[in-house]
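First the structure, in the form of structure tokens, and then the observations on it.
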Amino acid sequence: MDKGIRVLIFDVGTIGSNKPNYFYPLLGHLTWPNDSHKPIIKFFKRNTLSLTIAESDSDFNYLSGKNPSEATQIHDLLPNLNISHDQAYVLALQVTVFPNYGFSIGITSHHAVLDGKTSTSFIKSWAYLCRNIGKEISESESSICLPHEFCPFYDRKVIKDPNELEEKYLSDWLKQGGTNNKSLMVWDLQVPEDSFRGLFQLSRSDIKKLKEFVVLKQEGTRNENKTEKIENKNVVMGLNIDCRTRLDQPIPATYFGNCIGGRLAIVKTSELFGENGLIVVVEVLSEALETLKDGVLTGAENWSSLLLEGLAIADVKTIGTAGSPKFEVYSTDFGCGKPKKVEMVSIDRIGAFCLSDCRKGDGVEIGFVSNKKAMEAFASLFVKGIAS
Ligand SMILES: *[C@@H]1O[C@H](CO)[C@@H](O)[C@H](O)[C@H]1NC(C)=O
Ligand SMILES: *[C@@H]1O[C@H](CO)[C@@H](O)[C@H](O)[C@H]1NC(C)=O
Ligand SMILES: *[C@@H]1O[C@H](CO)[C@@H](O)[C@H](O)[C@H]1NC(C)=O
Ligand SMILES: *[C@@H]1O[C@H](CO)[C@@H](O)[C@H](O)[C@H]1NC(C)=O
Ligand SMILES: *[C@@H]1O[C@H](CO)[C@@H](O)[C@H](O)[C@H]1NC(C)=O
């Protein structure tokens, strides 16, 4: 694919112009001036975001199909986000056209500015405007307005921080990579060789079957002799939780930025790989989520140290989660129906599971990346497991 000659930079708005500019922070640059205690978004006279238009002769059906595919193949569909130590673009877009087949939209963003909920909401707002562009222009000369449920909410004062978490996180962050390091570079993580990407759908009835299976198994294992547990390694599972509705004083769903909390669930490898592995996982995850009732920010004073100390407790593997079925990514409609497939590309570098809604609107879709052999084995077991 030849991208070089097809890169176009469009001016999508200017601060202070009278066009509505709902997502204006995306046009700025992230910087961290020496005299500022935290990073800021700075606006220049003509702010732009980068939109790349590319044409691809890759196999559309392969890339948008159901079978596991080579993890890095999809990287051609992603824009590069310009990031240096002292300045970073916030978001970049790439539209790739597959002549006679379809198109894809790639989005790369700097997580310091926005989370998955906000970037999904940006894409949906863009889709809304595209869907309606022909309709409203004829009615009036003015620009199309976004409905209220899409309008980003910017008031930072709704976030109460009585425990001074901001100060704690900033101080922990500044200890990274030397002292007082204000670099905006993101982690340089590589995709392991031979990585394959798989997406698996669990319908509502599959989930029901799984739940019944777990309950049945839980009853069966209650009385078993558990003293034979081998002391061994820890697998840590990290769960991301959207805090917008869970704060003591809930904030609007349209809050622009990052509003994510977390919980960790830890399993011993012997239990995970034992006969009742699934049950054990369900139990530790339930226990972790149970603690949300004590407040989503309980333990938050330790989140930055947990993250930055590389989860020292995880001596085998750390498994993260990304996305959420609640983002309803498959409802994104630019005027030509639902997307055929939505992938969270970055899970290949961070080794996370991605969760989303299903195209059919029934159940959840789970994405993960693994080596080819493991992916094929899993795919075949998954089909058998679901059919049984
Ligand atoms: C910020 O501080 C660094 C190191 O202390 C220095 O090299 C750099 O020139 C300073 N930048 C500005 C814009 O003052
Ligand atoms: C990215 O940064 C480089 C170096 O600062 C610059 O030459 C290039 O034009 C930038 N690309 C975009 C898309 O802004
Ligand atoms: C600051 O951290 C970045 C990575 O986050 C690293 O590349 C850079 O070398 C560090 N700078 C200094 C002066 O240590
Ligand atoms: C449980 O396992 C231990 C160690 O293998 C054994 O000594 C004990 O008798 C077992 N108890 C029961 C109730 O089976
Ligand atoms: C946070 O870490 C400190 C020091 O390691 C510990 O004493 C404290 O119990 C932790 N707080 C929570 C809520 O886990």
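- Under the 4.5 Å side-chain criterion, counting only non-hydrogen atoms from C-beta, V329 is not in contact with P339.
- Side-chain contact annotation: D206 with S203, donor-acceptor N/O pair under 3.5 Å present.
- Aromatic rings of W303 and Y169 (six-membered ring for Trp) have centroids beyond the 6.0 Å cut-off, not under it.
- Of the possible donor and acceptor atoms, none in the side chain of K168 sits under 3.5 Å from a partner among the backbone N and O of A300.
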Determine whether L91 and L114 satisfy the following criterion, side-chain contact (heavy atoms from CB on, under 4.5 Å), listing intermediate values before the conclusion. CA-CA 9 Å; L91 182 132; L114 67 168; 4.2 Å; yes
Please report the C-alpha distance between F200 and F368 in whole Å, then the side-chain angles of each, then the deciding distance to 0.1 Å, and finally whether the ring-ring contact (aromatic ring centres under 6.0 Å, His included) criterion is met. CA-CA 9 Å; F200 300 92; F368 73 97; 5.8 Å; yes
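- In this structure, CD on Q87 lies 9.0 Å from CG on L30, to the nearest 0.5 angstrom.
- The distance from the CG atom of N240 to the CZ atom of R263 is 11.5 Å, given to the nearest 0.5 Å.
- Using a 4.5 Å cut-off on side-chain heavy atoms (C-beta onward), L77 and F98 make contact.
- Taking the six-membered ring where tryptophan is involved, the planes of F150 and Y128 are tilted, since the angle between them lies from 30° to 60°.
- Annotation: Y24 is in aromatic contact with Y154 [ring centroid separation under 6.0 Å].
- Rounding to the nearest 0.5 angstrom, the gap separating the CD atom in E166 from the OG atom in S171 is 11.5 Å.
- The residues E212 and K208 are annotated as salt-bridged, a charged nitrogen and a carboxylate oxygen being separated by less than 4.0 angstrom.
- Side-chain contact between W126 and F334 is present, with at least one heavy-atom pair separated by less than 4.5 Å.
- Inter-residue side-chain proximity for K182 and P39 is flagged as unmet; no heavy-atom pair is nearer than 4.5 Å.
- Using modelled atom types, no side-chain atom of N234 and backbone atom of I266 make a donor-acceptor pair closer than 3.5 Å.
- Look at D115 and R244 and you find a salt bridge, because one of the NZ, NE, NH1 or NH2 atoms lies within 4.0 Å of a carboxylate O, short of that distance.
- Using bins of under 30°, 30° to 60° and over 60° for the plane-to-plane angle, the ring pair F23/F256 lands in the tilted bin.
- The line from CD1 of I107 to CG of L51 is 11.5 Å long, rounded to the nearest 0.5 Å.
- For the atom pair N61 CG and N67 CG, the distance stands at 11.5 Å (nearest 0.5 Å).
- Among all heavy-atom pairs drawn from I207 and G363, the shortest one is CD1-CA, 4.4 Å.
- The distance from atom SG of C354 to atom CG of D348, rounded to the nearest 0.5 Å, is 11.5 Å.
- Within a 6.0 Å radius of CD in E167, other residues, nucleotides and ligands contribute 12 heavy atoms or fewer.
- Applying the 6.0 Å contact sphere to OH of Y101 captures no more than 12 heavy atoms from other residues, nucleotides or ligands.
- The aromatic rings of H29 and Y89 sit perpendicular to each other, their planes meeting at more than 60°, with 30° as the lower class boundary.
- Using a 4.5 Å heavy-atom cutoff, the side chains of F103 and E55 are not in contact.
- Between K372 and D194 there is no salt bridge, since none of the side-chain N atoms of the basic residue sits less than 4.0 Å from a carboxylate O of the acidic one.
- Within 6.0 Å of CG in D155 there are more than 12 heavy atoms belonging to other residues, nucleotides or ligands.
- Partner of E365 under the side-chain hydrogen bond (donor to acceptor under 3.5 Å, both in side chains) criterion, out of R359, K360, K341, Q201: Q201 alone.
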